[in-house]
Structures are given as C-alpha cells and as structure tokens.
Amino acid sequence: MTRDDYNRFCASLPSTTHVVQWGGADVWKVGGKVFAIGGWDDGGRLFVTFKCSEVAFDILKEQPGLRPAPYLASRGMKWIQRRTGESMDDAALKDYLRESHRLIAVKLPKKIRSELGLNQS
C-alpha cells in the first residue's frame, strides 16, 4: 500500500478528517478521535497504526511484520502497527482500518455520532 492508497482509503470511510502531525504522519480521525496513523521509516516504507480489539491485538502482536504500536500499546491501548505486508496484505489492512474506524466511532457520544451520520451501535 502506498501513501496515496492509504490516504484515499481512509478518506473513503464515513465522516473522516485528515491532519498531518507528529513528524509528518498522515493522521485520520473520526469525530476528532484518531483511528489511523500512517508514518514512514527512513527507507520510505509506510507503517500504518490502528486500533483493534483485545483478541485481535493478542493475535496480531505476535505476527511477522506487525508489532504493538509504539507509545500507544506501551500505555495499555490495543493498537497495532503494520510495518510490512508479511502477515497482513493490503486487503486485510483495509479491513482492520474499517474496524478501527468503527471501534472509535462507536465510542463517540451519541450526539456527535448523530451529527456525523454515524448512528450505529
């Protein structure tokens, strides 16, 4: 997945906003809350960080090319960073990004979800 692919995909999810912060990372939010972070290593490889369920975190953190997200996971949050596509291809990454978006959106206050057209449970 390229940087453009990542940004296009995140932009396609409902009610998202994009900012560049934290050293040039492409940060995607829903309702003002982060659901995906795209950053790069010195070689220009895309690293994508996303929120996941506890079960997914326990499985993914042990897979090649994936790791608990620096900073976030060290604070007890269930965030994974995909460094390579070795165990997670781009289609699976998109599925996890959709789920990260959902996990963040569902925790937003009901009023904000309604204003954003995210009336899911």
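We number each residue from 1, following the sequence as shown.
- Annotation for L97 and C10: closest pair CD1-SG, 4.3 Å, computed over non-hydrogen atoms.
- With sequence neighbours left out, the side-chain hydrogen bond (donor to acceptor under 3.5 Å, both in side chains) criterion links Q63 to no other residue.
- Minimum interatomic distance between L108 and L116 (heavy atoms only, all atoms of both residues): CD1-CD1, 4.2 Å.
- Rounded to the nearest 0.5 angstrom, K107 NZ and R113 CZ are separated by 10.0 Å.
- Within a 6.0 Å sphere centred on NZ of K94, other residues, nucleotides and ligands contribute 12 heavy atoms or fewer.
- Counting only heavy atoms from C-beta outward, the side chains of V34 and T49 never approach each other to under 4.5 Å.
- Here the NZ-CH2 distance, from K51 to W79, works out to 7.0 Å after rounding to the nearest 0.5 Å.
- Of all non-hydrogen atoms in C52 and A56, the two that sit nearest each other are CB-CB, 4.0 Å.
- Contact detail for R3 and G24: the closest heavy-atom pair is NH2-O, 3.7 Å.
- Residues satisfying the side-chain contact (heavy atoms from CB on, under 4.5 Å) test with A11, not counting sequence neighbours, are W28.
- Clustering of Ile, Leu, Val, Met, Phe, Trp and Tyr by side-chain heavy atoms under 4.5 Å joins I59 with V55.
- In this structure, CG in L118 is found 13.5 Å from NZ in K110, a value given to the nearest 0.5 Å.
- The shortest non-hydrogen separation linking D95 to R98 is OD1-NH1, 2.7 Å.
- Residues R83 and L66 form no side-chain contact, since every pair of their non-hydrogen atoms from C-beta on lies 4.5 Å or further apart.
- A search for salt bridge (Lys or Arg N to Asp or Glu O under 4.0 Å) contacts involving E99 returns R102, not counting sequence neighbours.
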| query | Where do R82 and D90 land on the salt bridge (charged side-chain N to carboxylate O under 4.0 Å, His left out) test, with the steps shown first? | reply | CA-CA 10 Å; R82 178 189 154 195; D90 289 350; 3.0 Å; yes

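- Here CG of L103 is found 13.0 Å from NZ of K78. Values are rounded to the nearest 0.5 Å.
- For the atom pair CZ (R45) and OG1 (T2), the distance works out to 15.5 Å, reported to the nearest 0.5 Å.
- Listed by first and then second residue, the ring-ring contact (aromatic ring centres under 6.0 Å, His included) pairs involving residues 33-71 are F35-H101, F50-Y96 (not counting sequence neighbours).
- Atom-to-atom distance recorded for S100:OG and L13:CG is 9.5 Å, nearest 0.5 angstrom.
- In this structure, the side chains of L60 and M88 come closer than 4.5 Å at one or more pairs of heavy atoms.
- Nearest heavy-atom pair, G65 versus E86, reported as atom, atom and distance to 0.1 Å: N-OE1, 4.0 Å.
- Residues in residues 8-22 take part in these side chain to side chain donor-acceptor pair (under 3.5 Å) pairs, two or more places apart or across chains: D5-R8, H18-D26.
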